[in-house]
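Below is one structure, written out as structure tokens; the observations come after it.
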Amino acid sequence: MSLNALYGELSYCRGRRNYWQGSADEYARRIEEYSSLVSDREEQLRIARDAELKVEVLPEANSTVKSDLGKVGTTLDSCTGAHDVSSTVPKIADSNEAHIDEAKSALGQLIERLESELSGFQGSLNTAREGKSYSDSRVRYYDDRISSTRRAINNYREDN
């Protein structure tokens, strides 16, 4: 191979190496971005699941409230001589049931959305990691070619 051809090879390899380094840098940026998004969604999902545990006990708590209100109504009936307080007071808590059902439904939808987003971000993160790994391997490949071409240039002797 002539000296000009070796310098041409060196220039080509440097260009390819720079291209793959740029690709690796872009994948590194994406890895950072998706890692942050994954962490964020994992935290949001943890919070939502903690809230889900609290919402699950609300129907029982509402039943307890209704029962306690009934007892208060019975006490008021006997104190006042009325007979309709004990049947009316527990109705105060009736609207809670609809709100509890709405809260459970909304929280379930939120958890599904967060799980879907998390899955998508994890997939994108894995793709970015694979892309970076491949790009890094190409950078190493061209680094090796650059080194061997430089050695060939340094050892070049023209035959006369």
One pair to check against side chain to side chain contact (heavy atoms under 4.5 Å, CB included): S11 and R14. What are the steps and the verdict?
CA-CA 5 Å; S11 178; R14 284 178 176 160; 5.8 Å; no
Please lay out, stage by stage, how Y27 and S23 fare under the test side chain to side chain contact (heavy atoms under 4.5 Å, CB included).
CA-CA 6 Å; Y27 280 120; S23 176; 3.5 Å; yes
CD (E97) and OG (S63) are apart, to the nearest 0.5 Å, by 7.0 Å
Is it the case that the side chain of S147 and the backbone of D143 share a donor-acceptor pair, with hydrogens and angles ignored and the cut-off at 3.5 Å?
yes
At what distance, to the nearest 0.5 angstrom, does CZ of R41 lie from OG of S119?
13.0 Å
Counting N and O atoms only, with roles assigned by atom type, does the side chain of T64 sit under 3.5 Å from a partner on the main chain of E60, one being a donor and the other an acceptor?
yes
Honestly curious: do L6 and Y12 fall in one hydrophobic cluster under the side-chain, below-4.5 Å linking rule?
no
Before you tell me yes or no, could you show the steps for E43 and R46 under salt bridge (charged side-chain N to carboxylate O under 4.0 Å, His left out), namely the whole-Å CA-CA distance, both residues' side-chain angles and the distance that decides it to 0.1 Å?
CA-CA 5 Å; E43 177 63 12; R46 184 194 63 72; 2.6 Å; yes
Determine whether I146 and Y141 fall in the same hydrophobic cluster, where Ile, Leu, Val, Met, Phe, Trp and Tyr are linked whenever their side-chain heavy atoms lie under 4.5 Å apart.
no
If I take atom CD from residue E117 and atom CD from residue E115, how far apart are they, to the nearest 0.5 angstrom?
11.0 Å
Between atom CD of E52 and atom CG of D50, what is the distance when rounded to the nearest 0.5 Å?
10.0 Å
Student check: side-chain heavy atoms of R138 and Q21 closer than 4.5 Å:
no
Within the side chain of T127, is there an N or O that forms a donor-acceptor pair under 3.5 Å with the backbone of G123?
yes
Same apolar cluster: Y156 and M1, side chain cutoff 4.5 Å:
yes
Residues clustered with V38, ILVMFWY side-chain links under 4.5 angstrom
I31, Y34, L37, L45, V55, L58, I100, L107, L110, I111, L114, L118, F121, L125
Flag for N126-Q122: side-chain donor and acceptor within less than 3.5 Å
no
With a 6.0 Å cut-off (strictly less than), is the heavy-atom count around CD of E42, excluding the residue itself, greater than 12?
yes
Might you point out which heavy atoms bring R129 and S35 nearest each other, and give the distance in Å?
NH2-OG, 4.3 Å
What are the two closest non-hydrogen atoms of A24 and K132, and how far apart are they?
O-CD, 3.8 Å
Supply the atom-to-atom distance R140 CZ to S135 OG, rounded to the nearest 0.5 angstrom.
10.5 Å
Face-on cation placement of R145 at Y142 ring, 6.0 Å and 45° thresholds
no
Backbone of G120 reached by a side-chain donor or acceptor of S124 within 3.5 Å:
yes
Distance (rounded to the nearest 0.5 Å) between N18 CG and C13 SG
11.0 Å
